[in-house]
Amino acid sequence: MRIDIVTIFPEFFDVLDISLLGKARANGLIELGVHNLRDFTHDRHHTVDDTPAGGGAGMVMKPEPWGEALDAVLENGADDPIIIFPSPAGVPFDQKMARELAHEQQIVFGCGRYEGIDQRVFDHYADRGRVRLVSLGDYVLNGGEVAVMAMIEAVGRLIPGVVGNPESLVEESHEDGLLEYPSYTKPAVWREREVPPVLRSGDHGAIARWRHEQQIERTRRVRPDLLPPEL
Ligand SMILES: Nc1c(O)cccc1[N+](=O)[O-]
């Protein structure tokens with residue numbers, strides 16, 4: 001998979017050189033391009049924003065730099081890339097979307113700042129391909145970079161070969177629609193708190209049943225909205 005990021009803070013993504021995603025890049029599983037939006041301006045101050053049409057507070061990101069940047073990124077890219085703009089006005093990001101995005105050939109992330117990006121950028125590229133506004137959550141961030149980082153991690157770890165043991169991807173929160181069960185390890189007793197005996201019983205059937213029951217109980221308690229109607 002190729003991932004391109006357009007941002008005014010390219011250094012924000014230096015952290016993608018380490019850990020799992022750093023290894024995936026070194027192994028050629030993920031190809032990453034980080035592009036500074038200001039490199040696509042032509043004035044002395046590398047201006048990327050201007051006052052909002054119709055007035056109001058803050059500034060809006062100009063369409064011209066975005067057009068030049070996205071054209072450059074798309075020029076030699078995949079046949080059918082998807083362009084994702086993190087936005088509070090977007091569709092909620094979830095594990096289902098992460099799984100779908102893990103099959104893409106190329107994802108282009110556009111990180112907005114200020115009061116957002118001129119709407120004509122979204123409209124222009126939506127007329128030419130797939131554009132999605134995606135929200136990480138109902139809260140206010142200063143820009144899209146944090147959201148892109150989270151999405152890259154959620155998607156990147158699902159790309160075959162990135163995570164060493166694919167089994168570990170199966171029993172995780174949201175993977176089967178339920179929250180994950182509580183985890184324990186050694187010692188058997190810690191500060192007078194014992195590991196549930198069933199987990200030390202060696203009875204794999206009983207352990208599986210206990211874990212599923214724990215998933216249902218935790219989901220019912222913490223996220224009843226995720227509970228399937230039959231439960
Ligand atoms: N919530 C928010 C924002 O306030 C700004 C950019 C992106 C997001 N988001 O993806 O959720």
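What you see is a predicted model; the values in this text were computed from it and never measured. Both ligands and their constituent atoms are indexed starting at 1 by order of listing. Values reported hereafter were calculated over all heavy atoms of this structure, with side chains retained and with hydrogens, waters and symmetry mates removed.
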Quick one: sort the Phe122 and Phe85 rings into parallel, tilted or perpendicular, breaks at 30° and 60°. perpendicular
Donor-acceptor list for residues 19-28 side chains, cut-off 3.5 Å, not counting sequence neighbours:
| residue | atom | partner | partner atom | Å |
| --- | --- | --- | --- | --- |
| Arg25 | NH1 | Leu16 | O | 3.2 |
| Arg25 | NH1 | Asp17 | OD1 | 2.5 |
| Asn27 | ND2 | Lys23 | O | 3.3 |

side-chain hydrogen bond (donor to acceptor under 3.5 Å, both in side chains) involving Glu31 - partner list, sequence neighbours excluded: Arg2
Using a 3.5 Å distance criterion without hydrogens, assess whether the side chain of Arg130 forms a donor-acceptor pair with backbone atoms of Asp80. yes
For Asp79, all residues meeting side-chain hydrogen bond (donor to acceptor under 3.5 Å, both in side chains), sequence neighbours excluded: none
Using a strict cut-off of under 4.0 Å between a residue heavy atom and any atom of ligand 1, list the qualifying protein residues by chain and number. Pro86, Ser87, Pro88, Val134, Ser135, Leu136, Gly137, Tyr139, Val140, Leu141, Gly143, Ala147
Could you tell me whether Arg120 and Glu64 have a side-chain N and a carboxylate O separated by less than 4.0 Å? no
